[in-house]
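Heads up: the structure comes next, in structure tokens.
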Amino acid sequence: MTESKVVDSWAILAWLLDQPAAHKVEVVLQSAAAGDLNLVMSWMNVAEVYYIAVRRFGAEGAEEFLRRLPSLPIRVVLPDKDGVLAAARIKAAHPIAFCDAFAIALAQSEQASVITGDDEIRRCKVVPVDWIGRD
């Protein structure tokens, strides 16, 4: 069985904005495209990437991200009631952004780690983290 990993907003934004971790994200995307890895992302995290892309690139740039999304080797999951409540419980217990809680809840449901450089997620220690940020 192929290993699953959750890609959070931080990782996708690092890739889109060509930040220092972009190369690490590109390697992960290539591994998923080759079938060596299952990547999953919450629609809540997609929405976060979208609104940040609007701010950085304008509406057309954000729409371009949405057009490209289906071509990426990422399964995008819409949280159901249980997923939303799981994220709410995580947010209630930890000092993290709500979208981060969705990435963690998805990782729990998928029995996966989170690929991130977001220290809030790492500090929670709720799920395994594949750290791609600065140490």
Side-chain angles (χ1 to χ4, degrees):
M1 185 171 185
T2 306
E3 181 181 20
S4 293
K5 294 184 182 283
V6 171
V7 182
D8 77 339
S9 310
W10 191 100
I12 294 299
L13 285 165
W15 179 67
L16 286 174
L17 300 173
D18 199 26
Q19 294 176 341
H23 176 70
K24 293 176 184 174
V25 177
E26 185 65 34
V27 169
V28 168
L29 290 170
Q30 289 171 354
S31 180
D36 299 329
L37 186 64
N38 291 319
L39 294 180
V40 188
M41 187 173 188
S42 170
W43 269 107
M44 296 301 292
N45 295 110
V46 169
E48 184 175 40
V49 170
Y50 180 87
Y51 82 73
I52 292 170
V54 167
R55 291 179 179 170
R56 291 304 271 309
F57 306 121
E60 184 54 37
E63 289 299 321
E64 177 61 25
F65 161 68
L66 287 183
R67 283 191 291 275
R68 288 179 64 195
L69 185 60
S71 70
L72 297 176
I74 301 172
R75 179 171 49 95
V76 183
V77 177
L78 183 63
D80 60 8
K81 180 182 102 175
D82 291 337
V84 171
L85 291 175
R89 288 182 187 102
I90 292 164
K91 171 64 177 158
H94 300 279
I96 59 171
F98 200 34
C99 280
D100 292 345
F102 278 94
I104 292 170
L106 181 57
Q108 287 177 325
S109 72
E110 296 280 331
Q111 298 177 345
S113 58
V114 178
I115 299 169
T116 189
D118 186 331
D119 203 41
E120 286 184 357
I121 293 175
R122 182 167 67 167
R123 282 193 311 258
C124 283
K125 299 183 181 182
V126 176
V127 294
V129 168
D130 294 334
W131 186 251
I132 60 171
R134 293 187 176 125
D135 284 321

Apply side chain to side chain contact (heavy atoms under 4.5 Å, CB included) to L29 and I74, showing your working. CA-CA 8 Å; L29 290 170; I74 301 172; 4.0 Å; yes

Step-by-step side chain to side chain contact (heavy atoms under 4.5 Å, CB included) determination, M41 to V46: CA-CA 7 Å; M41 187 173 188; V46 169; 3.9 Å; yes

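- Partners of D119 according to the salt bridge (Lys or Arg N to Asp or Glu O under 4.0 Å) rule, which considers only residues two or more places apart in sequence or in another chain, are R122, R123.
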Can I get a per-line list of side-chain donor-acceptor pairs under 3.5 Å for residues 80-108, giving both atom names and the distance, sequence neighbours left out?
residue : atom : partner : partner atom : Å
D80     : OD1  : D82     : N            : 3.2
D80     : OD1  : G83     : N            : 2.8
K91     : NZ   : I96     : O            : 2.5

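- Taking the side chain to side chain donor-acceptor pair (under 3.5 Å) definition, one finds that S113 meets it with K5, D130, sequence neighbours left out.
- Scored by the side chain to side chain donor-acceptor pair (under 3.5 Å) test, S42 finds no partners at all (sequence neighbours excluded).
- Sorted by first then second residue, the ring-ring contact (aromatic ring centres under 6.0 Å, His included) pairs that include residues 5-29, not counting sequence neighbours, number zero.
- With sequence neighbours left out, the salt bridge (Lys or Arg N to Asp or Glu O under 4.0 Å) criterion links R56 to no other residue.
- For the salt bridge (Lys or Arg N to Asp or Glu O under 4.0 Å) test, no residue two or more places apart in sequence or in another chain qualifies with K24.
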I'd like to know whether I132 forms a side chain to side chain contact (heavy atoms under 4.5 Å, CB included) with V28, so could you lay out the CA-CA distance, the side-chain angles of the two residues, the decisive distance to 0.1 Å, and finally the verdict. CA-CA 11 Å; I132 60 171; V28 168; 5.7 Å; no

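- Every side chain to side chain donor-acceptor pair (under 3.5 Å) that N45 has, sequence neighbours left out, goes to S9.
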Determine all donor-acceptor pairs shorter than 3.5 Å in which one atom belongs to a side chain in residues 62-73; sequence neighbours excluded.
residue : atom : partner : partner atom : Å
E63     : OE2  : Y50     : OH           : 2.5
E64     : OE1  : R67     : NE           : 3.3
E64     : OE1  : R67     : NH2          : 3.1
R67     : NH2  : E60     : OE2          : 2.4
S71     : OG   : R68     : O            : 2.6

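- Considering only residues two or more places apart in sequence or on other chains, E48 meets the salt bridge (Lys or Arg N to Asp or Glu O under 4.0 Å) condition with none of them.
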